[in-house]
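Take a look at the structure below.
Lettering of chains follows the sequences in order, A, B, ..., and the numbering in each one begins at 1.
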Protein chains: 2
Amino acid sequence: MGDSKAQNLQIPRRSATLRSMVEDNLRKAIASGTFKPGQRMIERDLCERIGVGRTSIREALRQLEAEGLVVSYPHKGPVVASFSAEEVRQLYVIRAELEGFCGREFARHGSREDIAKLIRAVDAFDRAAQGDDQEALIETKTHFYDVLAQGAGNIYVTQFLTSLHNRITLLRVSSMRQPGRLPESVREIRLISEAIAAGEPERAEAACKQHIENAARVAIAQALTGQSNDAEE
Amino acid sequence: MGDSKAQNLQIPRRSATLRSMVEDNLRKAIASGTFKPGQRMIERDLCERIGVGRTSIREALRQLEAEGLVVSYPHKGPVVASFSAEEVRQLYVIRAELEGFCGREFARHGSREDIAKLIRAVDAFDRAAQGDDQEALIETKTHFYDVLAQGAGNIYVTQFLTSLHNRITLLRVSSMRQPGRLPESVREIRLISEAIAAGEPERAEAACKQHIENAARVAIAQALTGQSNDAEE
DNA sequence: GTTGACAGATTGTCTGCGAATCTGACAAAG
DNA sequence: CTTTGTCAGATTCGCAGACAATCTGTCAAC
């Protein structure tokens, strides 16, 4: 019967709670660098700045803690997570593995629709790479990774990758800031989409891994020289 | 200077907070089946049964929620997570991928010490498989997976696998309950340890994947027939 | 049988409070 | 001058109580 489009009526049951909004706010604040790695996050400050009670703040912090975005020590409170060079390396290693998996599965089982979406995502990123709108660059690239993860059809891999991406944006070592890296990056992800569209799992996996490994090299180099982590003061 | 063994003096900074103890309790309660999938977890009940205030309960629940052990809907409260057959399938797919990664990396970079630990873990599991102490069986097998994950030397993979294992124990579809599966299981993990000890990454990875895929077959079959999930009533 | 209203249960959130704990400063002792 | 001891301030930890918002089932009315 007329239930073909029924699910579109769903009201966003989510976001109804204050806590989840606080959570999103804090996540964005951390990602955007408002709070820097190593910096303390003091309950009462957050209460005032966000305008909610301690309950909501504390519960939101527990979630971020579980996600690895903040670390908290008993009786000292939470601080924004920071990473050693070795941890950054490991982060990229596992990310390469997981995105490689996505590429492979996508090429194997991806729907025609998902593939079209992926290609559009690459095109959008390409266009953004021509201009110099940093905002658009990040957004289109994030979208590409979202589509890539989605296409693999595995909710757990999506969750894990989201978690990894959050920690990477926190690092603020965008490999795209490296001169000459941007066009190369475009080429790489186009290779990925082409391999997936062609339905070649091994090539897609290899392309994904290659892409992340290249990004990792730049990121680790930056992490070593910059040393903007810690943020002791 | 005499700092060679200094770190052993560290006091367990952890576990100082009530919240973390509540968290562990609940995790265990869920894993042991005290709370079944689909069952509601009512704050005040938990307060009484555990003997702590609502604050601690709620914050612990937020962590478990982030781990995927419980799901909560606004104004309805948290329920123990339950999984569709498709989700179980996906769970094992990604688990195979991650443990395969562990096997490969372990074989590549594992220390002599870690390898010895791994072999001891296999022996312990083998011995447990001879007896019929269900408790020991689970414990030794869990230990084996811990050592395997540890040996890969990647903290993120360890985290992710822990998360997956937690959800699987919640499922209570121990593939070991299948008649004949146990000795086969022992053989499989011995193959893993042998490949790692021999330093053969590809073979180790394949053995890991094979092992999980076999377990998955049994688990999914059980999940389909049993249907003890949902627990609507 | 459908609709509507109502009551009970439960969660979401805020607030005040006291205890426990960490931290840095400052004085006392060597 | 360095080490040690003490103390006060800041902050988290956890509890209890309160109230609004929301969900759920029931039961009467149509």
Checklist outcome for this item: Rounded to whole Å, the CZ-C1' distance (B/Arg58 to D/dA16) equals 15 Å
Item to check | Interatomic distance where CE belongs to B/Met21 and P belongs to D/dC13 [whole Å] | outcome: 15 Å
Item to check | Proximity of A/Phe144 and A/Phe125 rings by center, below 6.0 Å | outcome: no
Checklist entry - Below 3.5 Å, does any donor atom in the side chain of B/Arg54 face an acceptor in the base of C/dT13, or the other way round? => result yes
Checklist outcome for this item: Here the distance between atom P of C/dT13 and atom CZ of A/Arg62, to the nearest Å, is 16 Å
Item to check | Residues that B/Ala31 engages under side chain to side chain contact (heavy atoms under 4.5 Å, CB included), provided they are two or more places apart | outcome: B/Thr169
Checklist entry - With sequence neighbours left out, what residues match A/Ala124 under side chain to side chain contact (heavy atoms under 4.5 Å, CB included)? => result A/Arg127, A/Thr140
Checklist outcome for this item: Regarding the side chain of A/Thr17, the nearest nucleotide among D/dC13, C/dT13, D/dT24 is C/dT13
Checklist outcome for this item: In short, salt bridge (charged side-chain N to carboxylate O under 4.0 Å, His left out) pairs touching residues 138-157 of chain A with sequence neighbours left out are none
Item to check | 5'-most by nearest nucleotide on DNA chain D - A/Pro78 or A/Thr55 | outcome: A/Pro78
Checklist entry - Residues two or more places apart in sequence or in another chain: which of them pass ring-ring contact (aromatic ring centres under 6.0 Å, His included) with A/His143? => result none
Next on the checklist: Just N and O in the side chain of B/Ser56: are any of them under 4.0 Å from OP1 or OP2 of D/dC15?
Outcome noted: yes
Next on the checklist: Please report the distance, rounded to the nearest Å, between CD1 in B/Ile57 and P in C/dG12.
Outcome noted: 14 Å
Item to check | Near-strand residues of residues 41-53 of chain A, defined as heavy-atom separation under 4.0 angstrom from DNA chain D | outcome: A/Met41, A/Ile42, A/Glu43, A/Arg44
Checklist outcome for this item: Rounded to whole Å, the NE2-C1' distance (A/His75 to C/dT21) equals 6 Å
Checklist entry - B/Glu59 CD to D/dT12 P: how many Å, rounded? => result 12 Å
Checklist entry - Is A/Asp114 reaching over with its side chain to a backbone N or O of A/Gly151, donor-acceptor style, under 3.5 angstrom? => result no
Next on the checklist: Measuring to OP1 and OP2 of D/dT22, would you say a side-chain N or O of B/Lys76 lies under 4.0 angstrom away?
Outcome noted: no
Checklist outcome for this item: Taken to the nearest whole Å, OH/B/Tyr73 to P/C/dT10 is 19 Å
Checklist entry - Can you tell me how far P of D/dA20 sits from CG of A/Leu18, to the nearest Å? => result 16 Å
Sequence neighbours excluded and cut-off under 3.5 Å, please list the side-chain donor-acceptor pairs for residues 46-57 of chain B, or say none.
residue	atom	partner	partner atom	Å
B/Arg54	NH1	B/Glu43	OE1	2.6

